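Step one of this worksheet: look at the structure below.
Everything numeric in this text was worked out from a predicted model, so none of it was measured. In each ligand, atom 1 is the first atom listed, and ligand 1 is the first ligand listed.
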Amino acid sequence: MTLMKPRVLQLGRLLPALEARLAADYDVTLLAQQADPRAFLAARGREFVEAVTSAPVGIDAALLEALPEVRVVSSFGVGLDRIDLAAAARRGVAVGYTPNVLNDCVADIAFTLLLDVARRASEADRFVRRGGWLQEKFPLATRVSGKRLGIVGMGRIGRTVAKRASGFDMEIRYHDRNVVSDVPYGHEASLPALARWAEFLVVAAAGGPGSRGLISAEVLQALGPQGFLVNIARGTLVDEAALVRALQDKRIAGAGLDVFLDEPRVPEALLALDNVVLTPHVASGTHETRQAMADLVLENLRSFFERGEVRMQAPVQ
Ligand code: 8YV
């Protein structure tokens, strides 16, 4: 007798290797491939017992409602800003996600951006390629070692950024809703005060309505003309229009950005500036980390079936 595989609705595309492993264990339907996803959900939504999504795709209350038999959602990513956790909790739907396994790679990109924008590495690369070195000397850059680093959000990723920074003999302070008792860094209750103190400000807090626009025009003003901003969290945390103006007017020294308000669209004005380094939301994008995230997506599902709970349950925020 062959056992029926559990029915899984996959909301968006995932890594091909993860899709193959999902298909081996489950009967997977890809919502993104349906000609009319709304009509498909209305006709067949109740067939699925599990849903698989990712941080950028998420799952909202309407979609959860269209999947009345779903008991577990497994998401590829640590960000929960596009998952309606309250709606899932009301329905008793378990939500698995993939924290921790990406901390190192995300912190590495934070430091890549920080070093790159301060030492002007990408700009210097462009200079060499266009033959600039044959004409003139490249301008001086800004030292990183020994400087003051402000971290916005002292969660798992913020701490990992701080570890990197201690190797550069940086002085570290942080801003967080809560004082974090098990870190040796000073807590700054006021974000503008942290920005005023810092020479580098790294944004590592969670996205979502509670943190929207946290890096405001006032915070950028406080960071000042010698200050650099790095964002590896979510575009929503930064007032992007204010950031563009501050960069254009040199009211801050530069920015390293992996995330944007309307990905994959990056404001045209940023493309024209040499004092910014832009990466296309790739902080977790290494073979090793994406593999670990994929493993955890599967482990969360397996664990739910075996024990009735996912291995990494998203907190209800
Ligand atoms: C994405 C991320 O998951 O984990 C997160 O919250 O933002 C990223 O790691 C990644 O782009 C894959 O979709």
Nearest-neighbour protein heavy atom for [atom], which is reported as residue plus atom name and distance:
| atom | answer |
| --- | --- |
| atom 9 (O) of ligand 1 | Ser284 OG, 2.7 Å |
| atom 10 (C) of ligand 1 | Arg290 NH2, 3.6 Å |
| atom 7 (O) of ligand 1 | His281 NE2, 2.7 Å |
| atom 5 (C) of ligand 1 | Val78 N, 3.5 Å |

For [X], atoms of ligand 1 separated by under 4.0 Å from a heavy atom:
| X | result |
| --- | --- |
| Met293 | 3 (O), 9 (O) |
| Gly77 | 3 (O), 4 (O), 5 (C) |
| Ala55 | 3 (O), 5 (C), 6 (O) |
| Phe76 | 3 (O), 12 (C) |

Does the N or O separation between Arg234 and ligand 1 drop below 3.5 Å for any pair?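 Yes, at least one N or O pair falls under 3.5 Å.
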Checking contacts here: is it the side chain or the backbone of Leu102 that comes within 4.0 Å of ligand 1, counting heavy atoms only? Could be both or neither.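 For Leu102, the contact with ligand 1 is made by the side chain alone.
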Out of Gly285, Ser75, Pro56, who is nearest to atom 13 (O) of ligand 1 when you count heavy atoms only?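 Of the listed residues, Pro56 has the closest heavy atom.
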Is it true that [X] and [Y] make a salt bridge, defined as a side-chain N closer than 4.0 Å to a carboxylate O?
| X | Y | answer |
| --- | --- | --- |
| Arg159 | Asp182 | yes |
| Arg302 | Glu299 | yes |
| Asp25 | Arg21 | no |
| Glu171 | Arg148 | no |
| Asp104 | Arg156 | no |
| Glu19 | Arg13 | yes |

Phe168 CZ to Arg143 CZ distance, which is reported to the nearest 0.5 Å: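 One finds 11.0 Å between CZ of Phe168 and CZ of Arg143.
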Within the 4.5 Å heavy-atom criterion, are Val95 and Val310 side-chain neighbours or not?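 Contact flag for Val95/Val310 side chains = no.
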